[in-house]
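Worksheet: the structure to be examined is printed underneath.
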Amino acid sequence: MPENQISARFSACKRKLFDTYFSKLNDKQREAVYQVNGPLLILAGAGSGKTTVLVNRLAYLIRYGNAYHDPVVPANAAALLPEMEQALSLEHDALGEYLTRFAVDAPPAWTVMAITFTNKAAREIKERITSIFGEGSTEAAEIMTGTFHSICVRILRQYGSQIGFDRNFTICDTDDVKKQISLCMKQLNIDDKNLPVKTVMTAISHAKDKLIGPTEYAMQAGQDFKYKQIAAIYELYQSKLRSQNLLDFDDIIMQTVRLLTECEDVRANLQRRYRYVCVDEYQDTNYAQLTLTLLLSARYKNIMVVGDDDQSIYKFRGAVIENILNFDQNYDNTAVIKLEENYRSTKTILNAANEVIAHNSGRLGKTLWTGGAEGDKIQIRCLNNQNDEARFIAETVSQKVGRNEAVFKDFAVLYRMNSQSRSIEQTFAKAGIPYRILGGQRFFDRMEVKDIVAYLALINNPSDDLRLRRIINTPRRGIGDKSVQVAESLANAEGCPLLEFMRGVKRYNAISAATANAMVSFVYMIDQFREAAVTKSVTELIEMVIEETGYGKMLSELPDLNEREERRANLDELMNAARQYEEGNEDPSLLTFLEDIALVADVDKYDETADAVVFMTIHSSKGLEFPVVFLPGMEDNIFPSFQTIMNPEEIEEERRLAYVAITRAKRNLIVTHVRERMINGRTSSNPLSRFIGEIPDTLKDVTEDPQNAADLRQRMPRPPKAKPVNQFVEQTKKPMNTMANIAKKASDAAPADTFASGDRVKHMTFGEGTVLAAKPMGADILYEIAFDSAGTKKLMATYAKLKKI
DNA sequence: AGCTAAAATGTTTTT
DNA sequence: CATTTTAGCT
């Protein structure tokens, strides 16, 4: 055989072997997996198997390097051929093992960095890599994975001292930032009536997203009064963060970029180490993050970014959609691969999504398709008000579960804003349908949790005046706001942290002896905690803090029983979190525990296995999928939100959000809107969302709610507004916490009468009817009832409120 | 200092 | 409407 023929056969056979090994992927996906060198942009539509590609590509890279495209043919190629032909029939794992002989330039796992959008995604990558390489393999642990924030924190802890950061720095959340800024504004005598704190916050945050420091900001402000003020606040704010060894979310990225720009050796070090850089959800990166990826990948230019311009929904947070649109302008010879085959949704859902997003301009242009089934039409339902809407959703869920068409965890309720969850939540609680809420108030944002965490932060970093201020008088120690202010200005004058200043506070007469004593004993207490922190575990430390600060006692003295129990339960949950952290971490420390708390999002804790309906915002749902998706509140002014309605660019962002929402659904999409809705105590009526109008009628199944409950209510005069009798006052407790947010069971509610088939019953809205069947379901009973005038319905006993007649 | 009651105010989305 | 901030009182 001539040599060139052997080469050709060898290469073809090698590629055939790899294609066989990756036969579960489609052609485009495989192309992406094999493309490991040079800049690569993967445009991955919703549900196109993006994570699968990412994981397989990482695994391929680490195991085989550039084997598929390697042009080199071994000298013994001819001898290898028969054996290779045989290898085609090997089973999957054995084939994977066999293929390692073709590996070329396979990089060690620790030279690979994979940046994801959520910690959950990072964890998923690690898990799937582990399952490919086998239990006990080290590759997954060696790959540098995490969010931009978590990776940057790791870099800053290691090298931050070179730009003046102590490695014990703590991270401020949004709340802390707000407090700090309003403190700065007070110090500068800027009235927050004219310049709201929130405005300043977003201005500073966006400046940092664009890598604009205080000096440059002041220059850009020129003579503009408002911007000059913001510039002054920015400068003061930044110096305060610096002296307290604090970083806000945006600093984490900006300071890392600064580190890499200013310190040549660190930059060279990292550039040499990370030969391969992958970035997920690239459409949601901001300028600072773009710069960071450019810096990291500058040496080898082996950068892969995955994203979908149609799913760019974080502009308000500084995301720049142009980052993905113009990716190829940053690198020469960028390869672009589009993944357009959808493995998630039915044809109907996908077509609806395509139609909606087609109304946007400035897209890279992609059309998703699927070989899957046509599926049901999209249900559009108009209800009278948000209570009916909630009831409709609850009813639909229990019907489908009752008919064994689905289990609770198959359902997701996705909304535009967190406040929409309330009415649905209450209805679900009453109906005894298990549910979980993601987002809204984060667990770690609860007051009592933040208080205890503030103690921990102070123990970790004694120069954290912000946290000190928070807890100096919680529980009450007789140290009032005025004394703190005096102490703070004196401490500022001396240039020492507040805590250190308080140690010697008795030298000053400006603070009363009683207060000074209280301050000194507070300092001693913190000293003891700091000593204890060296030997004790985080869990033990938390326990100690709760006891010895008197915080536990303070909670136990709360007058309201519910509140007392809830807060106590939240602290128990905090201890649980600490315990879990310690169990799941190789070398747990207070420092990394605090970091975990600061950088963990609610979605990160979303647990697919618990059987409960899940509620979350559409933003949080990105990357997830559910068999049945409800989209309540699909009304103009809600979604699209009223503040975007005048601005075509922002409407496009809302439309992308609608696209994300629709593409979360695998089987069924159920859209609801209402005739009138209560917002801030005012009722308002909104037309059906324009985005639903953009879906062709052939894909929709529109039902106007025939049960006109509003008419019914009008005919029945409302009972006079009597003072509520205690036992009828509804317990509208907030969810216990987001970590273990399984709704209370129906058994909490008043026991309903039970009925048997054949009984005559009366329902509040449907009137009289005959029970056809009764099916026990968990703690509840599902009745099928033939109503005399309303037809046959399936209802849950606990919330149907049936009366025997 | 610390409590209570009245007034103000806010509604997008989040690492 | 619901929560947070502030003013006034003890």
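None of the values given here were measured: they were computed from a predicted structure. Chain A is the first sequence line, chain B the second, and so forth, proteins listed ahead of strands; every chain is numbered from 1. The analysis underlying the following values was restricted to heavy atoms, covering all of them including side chains, and did not include hydrogens, waters or symmetry mates.
Taking every side-chain heavy atom of A:Ser641 into account, B:dT12 is the closest of C:dA2, B:dT12, B:dG2. Of the candidate nucleotides B:dT12, B:dT15, B:dC3, B:dT12 has the atom nearest to the side chain of A:Glu650. Closest contact between the side chain of A:His619 and the listed nucleotides B:dT15, B:dT12, B:dT13 involves B:dT13.
Annotation for A:Tyr551: atom OH counts as buried by contact number, over 12 foreign heavy atoms lying within 6.0 Å. Counted within 6.0 Å of CG on A:Asp191, heavy atoms from surrounding residues, nucleotides or ligands total more than 12; the atom is thus considered enclosed. The 12-atom threshold is exceeded at NZ of A:Lys179, counting heavy atoms of other residues, nucleotides or ligands nearer than 6.0 Å.
Rounded to a whole Å, the NZ atom of A:Lys178 is 11 Å from the C1' atom of B:dT9. Atom CZ in A:Arg154 sits about 17 Å away from atom P in B:dT15, given to the nearest Å. Rounded to whole Å, the distance from CD1 on A:Ile679 to C1' on B:dT12 is 12 Å. Counting to the nearest Å, the C1' atom of C:dA2 and the CE atom of A:Met417 are 15 Å from each other. Look at CG on A:Asp209: it is 16 Å from P on B:dT14, rounded to the nearest Å. Atom-to-atom, CD1 of A:Ile171 to P of B:dT14 comes out at 19 Å; the value is rounded to the nearest Å. Following rounding to the nearest Å, A:Ile253 (CD1) and B:dT15 (C1') show an atom-to-atom distance of 8 Å. A:Lys482 places its NZ atom 14 Å from the P atom of B:dG2, with the value rounded to the nearest Å.
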Checklist line | Under the 3.5 Å Watson-Crick or G-U criterion, the dot-bracket string of DNA chain B, with | for inter-strand pairs | finding: ||||||||||.....
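Proximity of A:Asn418 to the phosphate of B:dT14: a side-chain N or O atom is located under 4.0 Å from OP1 or OP2. Taking only side-chain nitrogens and oxygens, A:Thr617 comes nearer than 4.0 Å to OP1 or OP2 of B:dT14.
Classified by interplanar angle (parallel below 30°, tilted 30° to 60°, perpendicular above 60°), the ring pair A:Phe316/A:Tyr314 is tilted. Classification of the A:Tyr581-A:Phe593 ring pair by plane angle, with boundaries at 30° and 60°, yields tilted.
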Margin query: For a salt bridge (Lys or Arg N to Asp or Glu O under 4.0 Å) check, start with the C-alpha distance between A:Asp280 and A:Lys50, then their side-chain angles and the critical distance, and finish with the verdict.
Written below: CA-CA 9 Å; A:Asp280 194 9; A:Lys50 183 187 64 176; 3.4 Å; yes
Next item on the list: Please lay out, stage by stage, how A:Lys622 and A:Thr118 fare under the test side chain to side chain contact (heavy atoms under 4.5 Å, CB included).
Entry: CA-CA 10 Å; A:Lys622 193 167 70 160; A:Thr118 60; over 6 Å; no
For nucleotides 6-10 of chain C, give me every protein contact, N/O to N/O, under 3.5 Å, one pair per line with atom names.
none

Short N/O separations, protein against nucleotides 6-8 of chain B, under 3.5 angstrom:
none

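For A:Glu652, the side chain to side chain contact (heavy atoms under 4.5 Å, CB included) test picks out A:Asn360, A:Ser361, A:Arg655, A:Arg656, with sequence neighbours left out. Among residues two or more places apart in sequence or in another chain, the side chain to side chain contact (heavy atoms under 4.5 Å, CB included) test is passed with A:Ala518 by A:Ile479. The side chain to side chain donor-acceptor pair (under 3.5 Å) test applied to A:Asn418 returns no partner, not counting sequence neighbours.
Both A:Arg317 and A:Asn473 sit near DNA chain B, but only A:Asn473 has its closest nucleotide nearer the 5' end. Comparing A:His149 and A:Gly478 against DNA chain B, the residue whose closest nucleotide sits nearer the 5' end is A:Gly478.
A donor-acceptor pair shorter than 3.5 Å cannot be found between the side chains of A:Thr474 and A:Asp451. No donor-acceptor contact under 3.5 angstrom links the side chains of A:Gln289 and A:Asp284, judged on distance only. Checking A:Glu389 against A:Thr672 by side-chain atom types alone, a donor-acceptor pair falls below 3.5 Å.
Among the atoms of the strands shown, only primed sugar atoms or phosphate atoms (P, OP1, OP2) are found under 4.0 Å from some heavy atom of A:Ser620. As judged by a 4.0 angstrom heavy-atom cut-off over every strand, A:Asn119 is placed among residues making no nucleic acid contact. Within the nucleic acid shown, A:Asp481 comes within 4.0 Å of sugar-phosphate atoms alone, with no base atom in reach, counting heavy atoms only. Residue A:Ser483 is classed as a sugar-phosphate contact, given heavy-atom separations below 4.0 Å to backbone atoms only. If you check every strand for non-hydrogen atoms under 4.0 Å, A:Asp250 touches nothing. When heavy atoms are screened at a 4.0 angstrom cut-off, A:Lys198 is found touching the sugar-phosphate backbone but no base atom. Contact annotation for A:Tyr314: backbone-only contact, meaning every heavy-atom pair under 4.0 Å involves sugar-phosphate atoms and none involves a base.
For B:dT14, the base is not stacked against the aromatic ring of A:Phe316, per a cut-off of 5.5 Å between centres and 30° between planes.
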